Protein chains: 2
Amino acid sequence: MRKGDTQEIRRLNRRAILSHLRRGPLTRADLSRLTGLAKSAVSRLVEELLQEGLLEEGAFTSPPLGRPGTLLHLRPGARFALGAEVGVEGTVLLALDWRGEVIWAKEWRHPKAAGPEERFARLFQEALPKTEGALGLGFTLPGVVVGERLLFAPNLGWRELSLKDLLADFPLPTLAENDAKASALSEVFFHGEENLAYLVLSTGLGVGVVAEGRLLRGANGAAGEVGHWQGQGERRCACGRKGCLETELSLEALLQHHRALGGEAEDVDTLRAQAQEGDPLVQASLAHLGEALGRFLANLAVAYDPARVVVGGKAAELFPFLEGPMRRALEAHAFLQAHRTLPVQPSSYGHLAAAVGGASLFLARFFELGGLWAESPRRNGGRYAEVAFGDRRGPGA
Amino acid sequence: MRKGDTQEIRRLNRRAILSHLRRGPLTRADLSRLTGLAKSAVSRLVEELLQEGLLEEGAFTSPPLGRPGTLLHLRPGARFALGAEVGVEGTVLLALDWRGEVIWAKEWRHPKAAGPEERFARLFQEALPKTEGALGLGFTLPGVVVGERLLFAPNLGWRELSLKDLLADFPLPTLAENDAKASALSEVFFHGEENLAYLVLSTGLGVGVVAEGRLLRGANGAAGEVGHWQGQGERRCACGRKGCLETELSLEALLQHHRALGGEAEDVDTLRAQAQEGDPLVQASLAHLGEALGRFLANLAVAYDPARVVVGGKAAELFPFLEGPMRRALEAHAFLQAHRTLPVQPSSYGHLAAAVGGASLFLARFFELGGLWAESPRRNGGRYAEVAFGDRRGPGA
DNA sequence: CTCCTTAGTTCGTTCTCAGGACTAAGTAAA
DNA sequence: TTTACTTAGTCCTGAGAACGAACTAAGGAG
């Protein structure tokens, strides 16, 4: 339970101003109207934010009547964070501006057998020269992450890993998150949606759910591990059990099914090419997957009731071929009328989504604190032993 | 995005004080330590709260050293709300003290065919003499409630009902909520849990999920309608579709299965009596249900990842007979180690849970506003045309 | 050139808390 | 019994923040 004092009010009002400016340039008068603050209060806070280099003055408005106002906007690059996705196949690293722009991005692949040490060593080697001025590094893993521990990542074969140890020498604050959850954040953080489900359809299947603007994590960070819903046949899953949903609905499942039909394809690109050429077998396999996806979405709708579903992950590149069968199955199985027309769209950050979400863990925190953060970026002599992992408070307003 | 001014500080600090006192009596000095407020600030706010009749001074502490302090506590009955559960079989109405005590409760049954008008007429007739001083009336329905509309209640056979019209003449603010969601609130609101799932195992099956202290509702209020997860056979469901989970896991399903085995039982009480007498057929039926429950809980755990599951609803009275098979099935199907030991317990408010949850919709709001509410309980001349329904902000801190 | 309108600043007032000095009320030890 | 010590709670002054009214700035219309 937060207490209130005069500092807290200032923080609240700075946050209100920054939040409004995230949606676009505004004059001081606009801000006064939007926040309900007195003009004098807005002027004072804006002055402060200009001093700190967070805001910039821009063009003048030209209203039909009265004095023109000065537009204010968030200064590009004034704050940014690093984000990384440590995936099954490879790693994505990027820097994300506080306005949502990807400043730079880099990707590389790993040998399948590469363990945590190897992957993180490369990540740090790449990230180290880029840390200057960053708020932190948020990275994602395709597994159950809670606080500073990775509990289980079936598709990497990792279990009970202490991330703290791996990160001991990195000179920035770090936060870890599940990849689907971070991806959901990437969709939501720059548009302020309240209810959304981000489906990662890849080697496995996972979903990141945003409910009332907050990321759903659960007690062990396992909320949204819908790839491991059981009751779908008897196929063995990477998690060690049988009949998990992702044995039927995933890239792995698609390739298996396709092979069982007699098809030959190694990866998504081949499949897409074949589908575009009109290969009937490939189209049948994709329709099969689309139908499973639609049935699944009907269940997802009664579980989380999102206002919108985003499909990401590698298999999502096949989305155009899945959409029709998916739509028909969803309509056939929907519980509510509203679910029949549930919008289902491909991801807007594409394959960078998870890494963008990782970075926005830090940006979210920055905005939540009204920009009063990272002003002393080197407490504790450059080390961050006291760093908070997997922030339980969740981002967003 | 909330703005801050000097009023807001006061509200925040009143809320902090009331919230701490909800857990038990404390002295002013305790409050100062817990909130971080200066002693003088605490004294001032406490004085104000005493004046308003919200707090009372009680016994003195007898510390080993130093001056004894005066214990403060929430004054019993100082605030209360009405809560009602409009269920399939009947209605429960009660008044709930702001400390969580049920002041009085009343129940009655309805003819199966009774429509909304008939049921609400009776509810208002019973509630009307009890409205004096209440913060509001929060009622629940066994269906999908969003804002002031009931979208769908399969087991009542109601669809697209405007609750606003039904409530036009009631002289208190009203809020509507789904029964499982309200029940979840009843468990959480007086104990401050962060992650919990409340299972209503009754005619149908529904779950109310609390994640990070907030009730999960979804865009249409359909989050947690897990009774309508599909993929379990072909039996026809009350919702009109086939293969919903509640055709396998519900009181209705239990009775059907039992009859299919050749058993005879009309209701829960009969079943329980027979089970206690050692009837092997009944025990087999219950074990069958328990096993289904366990398998379901493994799926629930990966969907929402609660720290605790509470089982309520009428079929929950059979919980002792379900527990063994449920536990075994859950352990066999758990995804995470942590899920194997997931605590599953019967409801603490019993069959009053939903109604208690309904009332606590208003108490939650009261605490959230730092007790600054209902101080002018008759604005708008006793009518509440402007009343907010199904508060999207969610209760709890 | 004057009037009207809106943007933004200045300044005095008000609200709330922080913090230190002080009083109150108990125990322990001389 | 007296004195020292400890903790509870009050009182008072000062500081931070926002409010609101008065004022200046800058444009357009007639």
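Proteins get letters first, then strands, A, B, ... in listed order; numbering begins at 1 in each. Here the structure is a predicted model, which means the values were calculated and not measured.
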Separation of [N] [atom2] from [X] [atom1] (nearest whole Å):
X      : N       : atom1 : atom2 : result
L65(B) : dA24(C) : CG    : C1'   : 15 Å
R15(B) : dC17(C) : CZ    : C1'   : 17 Å
K39(B) : dC17(C) : NZ    : C1'   : 15 Å
L71(A) : dA7(C)  : CG    : C1'   : 12 Å
E8(A)  : dA15(D) : CD    : P     : 22 Å
I9(B)  : dA15(D) : CD1   : C1'   : 12 Å
L37(A) : dT9(C)  : CG    : C1'   : 16 Å
L31(B) : dT10(D) : CG    : P     : 12 Å

> Within 45° of the ring axis of F362(B) and under 6.0 Å from its six-membered ring centre, is that where the NZ or CZ of R79(B) lies?
Replying inline: no

Would you classify [X] as touching base, sugar-phosphate or nothing, given that sugar-phosphate means primed atoms plus P, OP1 and OP2, and contacts are heavy atoms under 4.0 Å?
X      : answer
P63(A) : nothing
T70(A) : sugar-phosphate
R11(B) : nothing
L45(A) : sugar-phosphate

> If you round to the nearest 0.5 Å, how far is CG of L37(B) from CG of L31(B)?
Replying inline: 9.0 Å

Please determine whether a side-chain nitrogen or oxygen atom of [X] lies at a distance below 4.0 Å from atom OP1 or OP2 of [N].
X      : N       : result
R44(B) : dC11(D) : no
K3(B)  : dC19(D) : yes
N13(B) : dC17(C) : yes
S32(B) : dG9(D)  : no

>> Using a 3.5 Å distance criterion without hydrogens, assess whether the side chain of R99(B) forms a donor-acceptor pair with backbone atoms of G77(B).
In response: no

Consider the side chain of [X], meaning its heavy atoms from C-beta on, and name the nucleotide among [options] that approaches it most closely.
X      : options                 : answer
D5(A)  : dA8(D), dG8(C), dA18(C) : dA18(C)
A38(A) : dG9(D), dA7(C), dG20(D) : dG20(D)
R28(A) : dG8(C), dG9(D), dG27(D) : dG8(C)

> Can a donor-acceptor pair under 3.5 Å be found between the side-chain atoms of S40(A) and the base atoms of dG20(D)?
Replying inline: yes

> Side-chain donor or acceptor of R67(A) under 3.5 Å from a matching atom on the base of dA7(C)?
Replying inline: yes

> What heavy-atom pair brings A182(A) and G358(A) nearest, and what distance separates the two atoms?
Replying inline: CB-N, 3.9 Å

> Which residue, T6(A) or D30(A), contacts DNA chain C at a nucleotide closer to its 5' end, judged by nearest heavy atom?
Replying inline: D30(A)

> Relative to the ring of W98(B), is the ring of F367(B) parallel (under 30°), tilted (30 to 60°) or perpendicular (over 60°)?
Replying inline: parallel

> Heavy atoms, side chains only, cut-off 4.5 Å: are L94(A) and Y349(A) in contact?
Replying inline: no

